[in-house]
Amino acid sequence: MEPLLNGTGITRSFGPTPALRGVDIDVAEGEIVAVTGPSGCGKSTLLHCLAGILRADSGTVTYRDQNLGLLSEAARSRLRRTEFGVLFQFGQLVPELTAVENAALPLLLAGSGRREARTVALGWLDRLGVADLADQRPGAMSGGQQQRCATARALVTGPRVLFADEPTGSLDALTGEQVLGEIVQVARAQNTAVVLVTHEAKVAAYADREVTLRDGVVDATGLGLGMRA
Amino acid sequence: MSPGTLARLAVAGNRTDVLRLVLTAGSTGVATVALLAAATVISVQGYADRYTSALLAEPGLRPGVSIALVLVSLPVLALAGQCIRLGAPARDRRLAAMRLAGATPGESVLIATAETAVAGFVGSSTGLVAYALGRQLIAARDHFGRLRLPTDVLPPIPVIVLVVLAIPLLAAVIGAVLMRRVIVTPLGVVRRTRSRGPRPWPGLLIAVGLVLFGLPLNWPDGWHRPDWHLPARLSYGVLGLGVVLVMAGVVLGTGWISHTVGRLLRRYGRMPSTLLAGQRLITDPWHGSRTLAALLVAVVAGGATLGFREALATDIRAQRSGGSGLGAEPEFYFNAYRLVLIVVGLSAVVAAAGMLVALAESIVAGRRSYAALTASGVPRRTLAASVLWQTLTPLVPALLLAVGSGVALARLFDTHPPAPVPVPFQSLGLLGAGALLAVVLAAGAGLLVLRSSTDLEELRV
Ligand SMILES: Nc1ncnc2c1ncn2[C@@H]1O[C@H](COP(=O)(O)OP(=O)(O)OP(=O)(O)O)[C@@H](O)[C@H]1O
Ligand SMILES: [Mg+2]
């Protein structure tokens, strides 16, 4: 089957530091792929390249026959607000907007009316159990509530791929597990593929498949965190 | 993105953003009043002895008054430009978060620019209201039935509309140009900084400017002392271009001065404060050009005016001793120079306000590193001293350059002095000292911001 998202021979350096040195990765429709590996091995960089946030130095990233490297910055931005959802450890909410405005942001940017966008966003906040915080700003929420709100925003447009970089990394173990369970459940329910960066074995265990990076390349031994556990 | 969304995202802001909006609106408001006043003065027709002041009554003088008012509005607009950068780090973070959610680079510039345009429009509308109210308030006549100001004349409505709309537009364009140097990526802000240190080529600008300025004045026959005939208009253009080049050279040259002073401080400085200041000057040598631009332009203009006045005084002395009288009353000319100097002084005050805003902005932007330095045991006094070093050491040579360029302009203008014109060192010294004092006051006020910025609370989040 043709993969939904494909990366071939991705390299990326920051100045003299090579972060990725030729990574191949496939993500199928609705598949949950965990990307694991030690700190500094290039997990976040890979995720940014796949989501079109960073451009790869060489190699190609293909999403549904579109080569992301050939798209303009604006076109990749539009992809991010319609086809992709992005979820980071923290810091992706706009502190000056309320929870519901944050969740509705991709819809608003795509041109939806404000009332309609608000209704859809409220539905997502409700699904993630934070509807009562709709008119709060992120500063007034706990870390777990912020991540639930960010999840609502990442999923509000019904994306085909969710990119999550240690989404529960700043939460305590129990809350982290709850939030992650919700993310996975919601993603499965609407057949959204997930690229999940983590260095926790427990988190990796939620995935269908695990890709381990070491020093910017895929570790071929295949002994990832989840498998070893 | 719908207009409603654009408006909502543009005005989403925290307290610094509100301050930025208020300051932008305030400065564009003042600029609007100044430009409307200029338009009013130029709209007065013929010889108008219904006014108390000769500056308004004489048709030959009103263009000068008008130009002076336009010149006053320039530093005010520069201040608006400074305000647009105020609190920029927080705004850039917000824009980055929006980029991550799928805003395109163009949309993020649009959101930021819309904010400035809205603030500018609020400002210019307020300015219009203030202008209209002000006309009512000062419309009283004295017992000869004369008016102090041309409150009986209104510029044509299209001109008023143009001013009220053009100012926010101009502010928005300035904002967009400033934003263009900043790429907001979804992962945060990458400032497009110039990689190489500044070079001394602005010195060339000053030289070319002086040559251009001197050219029409020293042209053999016909062009000398231009008046309003066609070739003379051209020579006015060349004169103006020369002045602009000199001013640009002084402003840009400050970048090189900052860089060089920073290197010297780092090499020869022995105190922690001088080392810190030197490092900061090298890291962002253009900071001085940005913050001091309006002040330096005012000082060049002031230096030139003082030079002209000295030449006039020499002229008058020579004619008195030669027995021939000057056509008009000399006091009249001195009054005109006094007016220009008042304009320069006002501009300098506005420029100092802009500098305060910029300085506070730079301290707030660097507050995490300041707070981290305090946390690691660097005393506040050292930080305060480093801010002063950083501000004042490039300022003194930049001021000397500005005053010198201004005087050079004046001396080129006076091609055939009847007697050697002395350099008015005393008044030039006062001009430089005044500018220095303005900067010291602004820096002192900026240090108050530093106090709160070194609060260890700043290390949270
Ligand atoms: N913006 C950047 N500038 C310079 N170097 C960078 C940048 N981003 C990443 N790097 C470098 O690239 C390498 C890979 O970084 P990356 O963030 O992808 O690692 P990671 O696997 O996500 O680590 P962690 O588990 O700690 O988050 C590191 O050596 C890092 O120093
Ligand atoms: Mg990472």
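Labels below follow one simple rule: chain letters A, B, ... track the order of the sequence lines, proteins then strands, and each chain is numbered from 1.
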message = Please rank B:G106, B:A103, B:A101 by heavy-atom pairs under 4.5 Å with chain A and give me the top one.
response =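 Winner by heavy-atom pair count: B:A101.
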ask   = Do B:Q279 and B:Q390 have side chains that get closer than 4.5 Å, going by heavy atoms?
value =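 They are not in side-chain contact.
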Would you say the side chains of [X] and [Y] form a donor-acceptor pair under 3.5 Å?
| X | Y | result |
| --- | --- | --- |
| A:S58 | A:T11 | yes |
| B:T5 | A:R114 | no |
| A:S44 | A:D165 | yes |

Checking [X] against chain B: side chain, backbone, both or neither under 4.5 Å from a heavy atom?
| X | answer |
| --- | --- |
| A:L79 | neither |
| A:L105 | side chain |
| A:P95 | neither |

task = Against chain A, label B:L9 side chain, backbone, both or neither, depending on which of its atoms sit under 4.5 Å from a heavy atom there.
result =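 Only the side chain of B:L9 comes within 4.5 Å of chain A.
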query = Under 4.0 Å between a Lys/Arg side-chain N and an Asp/Glu carboxylate O for B:E107 and A:R78?
reply =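 So B:E107 does not pair with A:R78 through a salt bridge.
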